[in-house]
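This report concerns only the one structure given below.
This one's a predicted model, so the numbers in the text were calculated from it and none came from an experiment.
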Amino acid sequence: MAMAMSDLPGELVTEILSRVPLTSLRALRCTCKTWEVLSKTHIIGKTDAEGTFLGFMVIDYNLCSLKLDLQGTHDNGNLVYRPSIERVWLLEQAEIWEVFQWDGLLLCVIKDESRLLVWNPYLRQLRWIQTRDKLHSAYMYGLGYGNNNNNDRNHKILRVLDVTKSSEPGPLFEIYDFNSSSWRVLDVHPGNCVIKSGVSLKGNTYFLAEETCLEGFVVESQYILLCFDFTAERFGQHLILPFGAGVRFIKAVVLSRVRDEQLAVLHQPEDNNVMEFWITSKIEHNAASWTRFLRVEMTPQSFVTESFFIDEEKKLALVSGFFKLFRHIYKRAYIIREQGCIESVEMRKDREPGNKLVFSSYAPSLVQLQINR
């Protein structure tokens, strides 16, 4: 007599779940009720994820999933890097401005709406968060959680007003607490610096910031790191980057992370085509030490990085950005390996000219979203 899927031994089911591609999650949940329940308490696709970049990106205000085999695929005898990009139809009603990832959750900033959307793609749970205005382009976001206990994480969102982009007054720092479902104004002071972009890591957000100081009679600015501690709800000390960080000498500085364990930074000097990748060997809210991961000479020299992802085990980086040629701007993505090997990734070319080519890596989680009360 044939054995039912629900009667399979537990060890065999665990092995099967580890090998099912994450992109086949919906089909797996339709297989049988037992597997549907198991997929909501266990992460599937762990084996499939090795050597594959999984992430999300915004294309023409649509949230899209992205999957790329970092080993490439063969097409007519040629090795090509061709990602699979699909629109997320679950969010087809919303025009997405930006997307951020933390702890397996996505924060979607909605264009021209006084709401934010938090989504767990793995559990397919949504939570809408009301804001007091629609000035999303004037804000930056930091994401994290307090109470660093895997069984009791209070997720929070820090909203930072960029006064250079807003003509309306408002609080500089606000924080949203998932447990209380409410916003609070924070009285915090990051020091004499202007906050730029941030990356969520281990429950805190590390911001790239410009610190200004007076050297003699000359005002100089340099890039620094600034950690916001979501448990204490305050900024830590200013952290020094592992390279000369004078703003006027730098073409691009971009933050990323390696899994949820290490911070990574990409550095492009203004006066040459060198691109450096650094990874933290130690990172805390008040201290950081660094190791250089890769150093390559990038072609074309005018290429400016907007986002990147590092696979530490395979010694490679996936970068995206643009370069200018005469009056035209070209969006490009590359895989960069040791010994300076640079391989082009085939991306769609039908984006609006002003859209950034920015992607965010994703790792699934079992974080439950409390539905709005």
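- Each of L105, L107, T205 was checked for a side chain to side chain contact (heavy atoms under 4.5 Å, CB included) with F100, and the lone residue meeting it is L107.
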From CA spacing to verdict: side-chain contact (heavy atoms from CB on, under 4.5 Å), D229, F235: CA-CA 6 Å; D229 184 329; F235 287 102; over 6 Å; no

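- In this structure, V199 and W102 have side chains that are not in contact, with every pair of non-hydrogen atoms separated by 4.5 Å or more.
- Side-chain contact between I110 and I96: present, with at least one pair of heavy atoms (C-beta onward) separated by less than 4.5 Å.
- In this structure, F53 has its ring center closer than 6.0 angstrom to the ring center of F309.
- For the residue pair T305/Q268, the side-chain donor-acceptor check at 3.5 Å is satisfied.
- Here salt bridge (charged side-chain N to carboxylate O under 4.0 Å, His left out) pairs that include residues 179-194, with residues two or more places apart or in two chains, are R184-E233.
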Worked check of salt bridge (Lys or Arg N to Asp or Glu O under 4.0 Å) between E270 and K251: CA-CA 4 Å; E270 181 65 57; K251 183 188 305 178; 5.8 Å; no

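- Rounding to the nearest 0.5 Å places CD of E306 at 11.5 Å from OG of S197.
- Checked against a 6.0 Å centroid threshold, the rings of Y141 and F207 do not count as neighbours.
- Without hydrogens or angle criteria, N179 side chain to N154 main chain gives no donor-acceptor distance under 3.5 Å.
- Donor-acceptor pairing under 3.5 Å is lacking for the side chains of T280 and R257.
- In summary, the side chains of S114 and Q130 do present a donor paired with an acceptor at a separation below 3.5 Å, with no hydrogens or angles considered.
- With rounding to the nearest 0.5 Å, the separation of NZ in K331 from CD1 in I59 is 11.5 Å.
- Taking a cutoff of 4.0 Å between a charged side-chain nitrogen and a carboxylate oxygen, K315 and E338 do not qualify as a salt bridge.
- A 4.5 Å side-chain heavy-atom check between V345 and L318 finds at least one atom pair inside the cut-off.
- Looking only at distances, no side-chain donor or acceptor of N192 sits under 3.5 Å from a matching main-chain atom of E211.
- Under the 4.5 Å side-chain heavy-atom criterion for Ile, Leu, Val, Met, Phe, Trp and Tyr, W128 and L123 are members of the same hydrophobic cluster.
- In this structure, T291 and I279 have side chains that are not in contact, with every pair of non-hydrogen atoms separated by 4.5 Å or more.
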Evaluation steps, side-chain contact (heavy atoms from CB on, under 4.5 Å), between L226 and C193: CA-CA 9 Å; L226 192 60; C193 63; 3.9 Å; yes

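- Here the OH-NZ distance, from Y330 to K324, works out to 13.0 Å after rounding to the nearest 0.5 Å.
- Both the sub-6.0 Å distance and the 45° axial angle are not jointly satisfied by K156 relative to the ring of F230.
- The structure places CH2 of W119 at 6.5 Å from CG of L106, a figure rounded to the nearest 0.5 Å.
- The side-chain heavy atoms of F56 and L66, taken from C-beta on, include no pair separated by under 4.5 Å.
- Across all non-hydrogen atoms, the minimal contact from Y362 to Q101 is CD1-CG, 4.0 Å.
- Looking at D177 and I175, their side chains never come closer than 4.5 Å, going by heavy atoms from C-beta outward.
- F277 and F308 have their aromatic ring centers within a separation under 6.0 angstrom.
- Taking 4.0 Å as the cut-off between side-chain N and carboxylate O, E174 and R159 count as a salt-bridged pair.
- With sequence neighbours left out, V265 forms a side-chain contact (heavy atoms from CB on, under 4.5 Å) with L241, P242, F243, V253, L255, W278, W290.
- Linking Ile, Leu, Val, Met, Phe, Trp and Tyr residues whenever their side-chain heavy atoms come within less than 4.5 Å places M275 and I310 in a single cluster.
- From E86, atom CD reaches atom OG of S65 across 5.0 Å, with rounding to the nearest 0.5 Å.
- A salt bridge links D103 with R153; the closest basic N to acidic carboxylate O contact falls under 4.0 Å.
- Under the 4.5 Å side-chain contact rule for hydrophobic residues, Y334 and L79 do not share a cluster.
- Between E312 and R259, at least one side-chain N (NZ, or NE/NH1/NH2) sits under 4.0 Å from a carboxylate O, which counts as a salt bridge.
- Counting only heavy atoms from C-beta outward, the side chains of Q368 and L366 never approach each other to under 4.5 Å.
- L263 approaches S256 most closely through the heavy-atom pair CD1-O, 3.5 Å.
- Counted by atom type alone, Q222 and E210 present zero donor-acceptor pairs between their side chains at under 3.5 Å.
- Here E98 contributes atom CD and K111 contributes atom NZ; the two are 13.0 Å apart, rounded to the nearest 0.5 Å.
- Between G146 and T231, the closest heavy-atom pair is CA-OG1, 3.4 Å.
- Hydrophobic clustering (ILVMFWY, side-chain heavy atoms < 4.5 Å, transitive): I335 and L294 are in distinct clusters.
- Remark: side-chain polar atoms of S221 are not paired, donor with acceptor, to backbone N or O of T212 under 3.5 angstrom.
- Ring planes of Y176 and F178: perpendicular class, angle over 60° (limits at 30 and 60°).
- A donor-acceptor pair under 3.5 Å is absent between the side-chain atoms of N62 and the main chain of R87, judged by distance alone.
- Judged purely by atom type and a 3.5 angstrom limit, N273 uses its side chain to pair as donor or acceptor with the backbone of M298.
- Here the shortest heavy-atom pairing between S320 and S307 reads OG-OG, 2.6 Å.
- Residues Q262 and I283 fail the side-chain proximity criterion, which asks for heavy atoms closer than 4.5 Å.
- Transitive grouping of hydrophobic side chains (ILVMFWY, heavy atoms separated by less than 4.5 Å) brings V88 and V99 into a common cluster.
- For S302 against F323, the heavy-atom pair with the smallest separation is OG-CB, 3.4 Å.
- D260 contributes a side-chain N or O that, together with a main-chain N or O of K202, makes up a donor-acceptor pair within less than 3.5 Å.
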Worked check of side-chain contact (heavy atoms from CB on, under 4.5 Å) between D162 and Y139: CA-CA 6 Å; D162 185 345; Y139 288 102; over 6 Å; no

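- The two residues R234 and V188 make their nearest non-hydrogen contact at CA-CG1, 4.3 Å.
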Intermediate values then yes/no, side-chain contact (heavy atoms from CB on, under 4.5 Å), W183 and T131: CA-CA 8 Å; W183 290 94; T131 59; 3.8 Å; yes

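- Checked for salt-bridge contact, E343 and R337 meet the test: a charged N lies under 4.0 Å from a carboxylate O.
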